[in-house]
Amino acid sequence: MAKLTGIDIFKLTPKKNCKECGCPTCMAFGMKVAQGALEISKCPHMAPEAIAKLSEASAPPMKTIKAGVGETEITLGGETVLYRHEKTFVNKTRYGVNVCSCMDDAVVEEVFAGIPKVDYERIGERMFAEVINVAYCEGTDAAKYVAMVERAAGMSRTLVLDVKDVEVAKAALAVCKAQKPILNGANAANYEAMNALATAEGVVLGVSAANIDELYDVTAKLEALGNKNLVLDATGASIKETYAIAVQMRRAAIKNSDRTFGYPSIVNLAKLAKGDLHLQTALASVFTLKYGSIVVMEKIDYSQALPLYGLRQNVFTDPQKPMKVAPGIYSINGGDENSVCLTTVDFALTYFVVSGELERSGVPCNLLISDAGGLSVLTAWAAGKLSSSSIAKYFAEFEIENKIKNRTLVIPGKVAVLKGDIEAKLPGWNIVVGPNEAVQLVKFLKDMNA
Amino acid sequence: MPFNAKSMKFNANINTVEIGTGDKAIKIGGENTFPFYTFDAPTVNAPKVGIEISDMGLANEPDCIKAVYAGCESVVDMAKKAVTFEGVDFLALKLEGGDPNGENKPTEELVELAKAVAEAVDAPLVIEGCKNVEKDAELLSKCAEALQGKNVLLMSSKEENYKSIGASAGLAYNQKVGAESSVDINLAKQLNVLLSQLGVNSQAVVMNVGSAAAGYGFEYVISTMDRIKAAALQQGDNTLQMPIITPVAGDAWGVKEASASEADVPEWGCVESRAIDMEVATAAAVLASASDAVILKHPVSVATISKMIKELA
């Protein structure tokens with residue numbers, strides 16, 4: 001149902017202007033509710049049917065689903081827009097590694113051994129394979145599968161149990177339900193039994209189907225059974241079909257308010273691009289932008305992780321909150337206490353571009369990053385967050401004069417105007433105006449050393 | 001209960017621009033849906049993949065690229081080899097040696113090279129400049145003249161030098177003009193308007209709206225491209241209906257994830273694999289944000305992205 005207007009809500013009120021809700025008229029109340037400023041329940045005279053109708057209409061277009069426990073708990077879905085520039089993407093794509101009961105023991109061993117290897121931090125965010133997709137292949141040894149699930153459960157990752165056999169699923173849940181896995185088990189044939197199992201164990205149920213119509217149908221039937229704790233597996237027979245399902249699901253939920261498709265998605269690239277790791281990287285990139293909530297790959301090593309986690313961090317930043325790096329002294333090319341100092345702001349993009357150019361120059365130096373509210377150089381200067389005082393304060397706070405013996409400081413060319421003030425605040429320092437653009441730093445440093 | 005799909009096919013189209021001549025000529029653009037939304041309308045022209053070589057030959061290239069072109073003695077040899085790789089739709093020749101702050105090769109030498117490459121291969125040709133606006137104005141204008149009849153795309157016409165490149169490539173010699181702006185929808189639009197005011201046919205313009213490597217401020221790239229396509233298709237803004245070409249190789253191969261040696265960061269593993277993954281992840285993301293063509297460096301990246309396009313389009 002489309003979003004209700006103030007008039008629609010007014011029609012549902014008793015129209016008595018009793019003021020018990022705190023508004024002067026029922027019309028004013030309707031307007032406030034439509035804006036989201038007031039709860040509909042503030043009106044004591046609203047009929048229960050009206051409240052039900054309204055709460056349905058004002059519910060978020062896509063549900064927020066949680067899986068896992070404690071540190072490994074992940075939050076999926078909850079998105080409200082199709083493009084990040086419209087507002088922001090809320091819950092980042094989670095990347096997972098696939099293991100299957102049909103794999104040779106040696107391969108299984110290799111996959112499990114590979115999972116903990118990628119674990120690093122990038123701009124304050126821990127990057128690691130957050131999900132293990134444990135798949136059960138029809139006709140393979142159920143005991144082996146349960147043993148794999150048990151092993152995966154001990155790895156502090158969120159589990160997805162990709163298993164369509166109810167009995168095997170039951171056995172697998174018995175060893176891992178405390179970890180709150182996602183039971184990706186329901187399909188057109190077994191949804192009633194899987195639903196009963198997932199509901200009894202209190203885990204999220206994954207739904208898969210032969211095509212988009214069947215996926216819609218099974219999801220609608222599960223909702224009719226009262227289960228709205230779902231994740232939809234968008235993986236189709238081909239890459240093309242999977243992309244079509246993932247995009248159309250999201251579009252139906254957000255644009256056409258079709259809540260049946262208002263759930264997070266799973267995309268399994270280990271099935272779609274088996275054996276081609278570079279193609280999996282490319283597709284993981286596509287599905288990070290186009291609506292994959294969990295993306296499963298055959299493996300995640302640094303080669304895949306470095307571009308994908310960087311991309312994800314970019315895409316899921318809130319456009320209203322700039323990415324920041326921590327203030328501090330960053331040594332570049334082995335810069336030490338005798339190396340030249342350069343300063344710029346803590347806006348992550350500025351930091352990356354400047355540090356990249358400094359690395360390219362090969363000149364040992366110290367990059368001094370002060371807290372400028374995560375703004376770019378000119379914006380920070382205009383907002384008063386990059387000034388001679390802010391730099392002097394940073395020098396005091398980080399005891400730069402005790403840590404660094406060199407007394408040359410290069411400031412960004414765009415704030416050349418600060419030179420005099422900084423010289424006054426930092427006596428003994430030789431303040432040099434650097435280039436306007438980071439790309440000119442290589443030549444600048446070489447000329448300076450010459 | 002089946003799913004009630006609502007189509008989002010638009011009445012507006014992206015312009016179709018042809019590059020090259022004869023059987024190997026390629027068409028880029030033409031779509032009336034968002035990227036790979038084949039469920040809304042069938043693909044008109046699938047995105048195209050180019051392979052990049054430089055006038056500097058293998059001098060500045062990493063070891064894995066040196067291995068790819070082993071046995072090539074000249075840039076022309078490299079060009080001949082490059083177009084044989086699987087999935088290559090066009091060749092991009094980057095004239096970086098022209099940079100006055102670098103090698104500062106004379107314009108004549110580079111134009112001769114471009115001519116020799118154009119003679120040696122029949123694949124469509126894209127010429128990239130050296131990033132110095134004054135030198136590019138001269139260099140690309142001379143290339144436009146020398147390559148007359150080849151229907152090449154001359155990149156890097158920027159706000160500072162669009163007059164000379166636009167006039168020579170777009171007006172005098174009937175080539176295609178690449179309009180380069182830096183990750184901002186308004187700058188992209190302004191440059192297109194300036195070019196059309198100069199008299200360049202908007203059907204002969206391809207945009208390079210700027211890019212970055214995945215993880216390096218890439219959110220701006222995505223949002224700029226998403227907004228341009230939305231303005232072009234949803235609002236029918238004909239000053240933004242030019243197809244987009246994105247040179248990915250330069251950004252992707254320049255970041256430390258793709259270039260740091262195995263000796264420096266042993267835990268990161270094979271540097272060639274890292275560079276390819278950075279290149280394909282970035283290319284896939286710009287294609288999903290509606291680029292109509294990408295320029296890549298490694299043959300494996302080209303083959304991977306070409307395969308991905310075949311699967312999706």
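Numbers restart at 1 for each chain; the letters A, B, ... are given by sequence-line order, proteins then strands.
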So, the side chain of [X] versus the backbone of [Y]: is there a donor-acceptor pair under 3.5 Å, distance only?
{"X": "Ser303(A)", "Y": "Ser273(B)", "answer": "yes"}
{"X": "Asp136(B)", "Y": "Cys130(B)", "answer": "yes"}
{"X": "Ser265(A)", "Y": "Tyr291(A)", "answer": "yes"}
{"X": "Lys48(B)", "Y": "Asp89(B)", "answer": "no"}
{"X": "Thr93(A)", "Y": "Gly292(A)", "answer": "yes"}
{"X": "Lys9(B)", "Y": "Ala41(B)", "answer": "no"}
{"X": "Asn161(B)", "Y": "Lys158(B)", "answer": "yes"}
{"X": "Asp217(A)", "Y": "Pro2(B)", "answer": "no"}

Practice task
Could you please state which residues from residues 297-313 of chain B sit under 4.5 angstrom from chain A, measuring non-hydrogen atom to non-hydrogen atom, sorted by number, or 'none'?
Solution key: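 Residues Val300(B), Thr304(B), Ile305(B), Lys307(B), Met308(B), Glu311(B), Leu312(B), Ala313(B) are the ones that qualify, each having a heavy atom under 4.5 Å from chain A.
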
Exercise for the section: Enumerate by number any residue of residues 211-220 of chain B whose heavy atoms lie under 4.5 Å from heavy atoms of chain A; in the absence of such residues, state 'none'. Expected result: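 If one takes a 4.5 Å heavy-atom cut-off, the residues of residues 211-220 of chain B near chain A are Ala214(B), Gly215(B), Tyr216(B), Gly217(B), Phe218(B), Glu219(B), Tyr220(B).
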
Answer whether the closest heavy-atom distance between the side chains of [X] and [Y] falls below 4.5 Å.
{"X": "Gln304(A)", "Y": "Val118(A)", "result": "no"}
{"X": "Thr235(A)", "Y": "Leu272(A)", "result": "yes"}
{"X": "Thr33(B)", "Y": "Met8(B)", "result": "no"}
{"X": "Tyr330(A)", "Y": "Leu358(A)", "result": "no"}
{"X": "Glu103(B)", "Y": "Glu96(B)", "result": "no"}

Exercise for the section: Determine, step by step, whether Ser259(B) and Val271(B) satisfy the side chain to side chain contact (heavy atoms under 4.5 Å, CB included) criterion, reporting the C-alpha distance in whole Å, the side-chain angles of both residues, the deciding distance to 0.1 Å, and the verdict. Expected result: CA-CA 7 Å; Ser259(B) 61; Val271(B) 61; 5.7 Å; no

Using a cut-off of under 4.5 Å for heavy-atom pairs, which of [options] has the most such pairs with chain B?
{"options": "Val353(A), Val439(A), Leu277(A), Asp213(A)", "result": "Asp213(A)"}
{"options": "Lys255(A), Gln313(A), Gln248(A)", "result": "Gln248(A)"}
{"options": "Arg251(A), Lys117(A), Lys290(A)", "result": "Arg251(A)"}
{"options": "Val315(A), Val286(A), Asp301(A)", "result": "Val286(A)"}
{"options": "Val247(A), Leu308(A), Thr219(A)", "result": "Val247(A)"}
{"options": "Phe316(A), Tyr243(A), Phe261(A), Phe352(A)", "result": "Tyr243(A)"}

Contact class of [X] relative to chain A, heavy atoms under 4.5 angstrom:
{"X": "Asn4(B)", "result": "neither"}
{"X": "Asp226(B)", "result": "both"}
{"X": "Thr38(B)", "result": "side chain"}
{"X": "Lys256(B)", "result": "side chain"}

Handout entry: side chain to side chain contact (heavy atoms under 4.5 Å, CB included) evaluation trace for Met225(B) with Thr246(B)
Key = CA-CA 10 Å; Met225(B) 290 184 187; Thr246(B) 307; 3.4 Å; yes

Is [X] close to chain B through its backbone or its side chain, or both, or neither, when contacts mean heavy atoms under 4.5 Å?
{"X": "Ser238(A)", "result": "neither"}
{"X": "Glu214(A)", "result": "neither"}
{"X": "Leu289(A)", "result": "side chain"}
{"X": "Asp276(A)", "result": "side chain"}
{"X": "Leu349(A)", "result": "side chain"}

Practice task
With Arg122(A) as the cation and Tyr120(A) as the aromatic partner, state whether NZ or CZ is under 6.0 Å from the six-membered ring centre and within 45° of the axis.
Solution key: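 Verdict for Tyr120(A): no cation-pi partner in Arg122(A).
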
Practice task
Pull out the residues in residues 79-89 of chain A that come under 4.5 Å of chain B, heavy atom to heavy atom, sorted by number.
Solution key: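 Those residues of residues 79-89 of chain A which have a heavy atom under 4.5 Å from chain B are Tyr83(A), Arg84(A), His85(A).
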
Problem - side chain to side chain donor-acceptor pair (under 3.5 Å) partners of Gln280(A), counting only residues at least two apart - result: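 Glu298(A).
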
Problem - Winner by heavy-atom pair count (cut-off under 4.5 Å) against chain A, out of Ala283(B), Ala258(B), Ala285(B), Ser289(B) - result: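 Answer, by heavy-atom pair count under 4.5 Å with chain A: Ala285(B).
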
Handout entry: Tyr216(A) and Phe3(B) aromatic ring geometry - parallel, tilted or perpendicular at 30°/60° bounds
Key =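 Phe3(B) and Tyr216(A): tilted rings.
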
Handout entry: Passing candidate, side-chain contact (heavy atoms from CB on, under 4.5 Å) with Lys443(A), options Leu441(A), Asp447(A), Leu445(A)
Key =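 Passing option: Asp447(A).
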
Problem - Side-chain donor-acceptor pair present, Thr239(B), Lys189(B), cut-off under 3.5 Å - result: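 Yes.
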
Practice task
Any chance you could measure Thr288(A), atom OG1, to Lys92(A), atom NZ, to the nearest 0.5 Å?
Solution key: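 Here the rounded value is 12.0 Å.
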
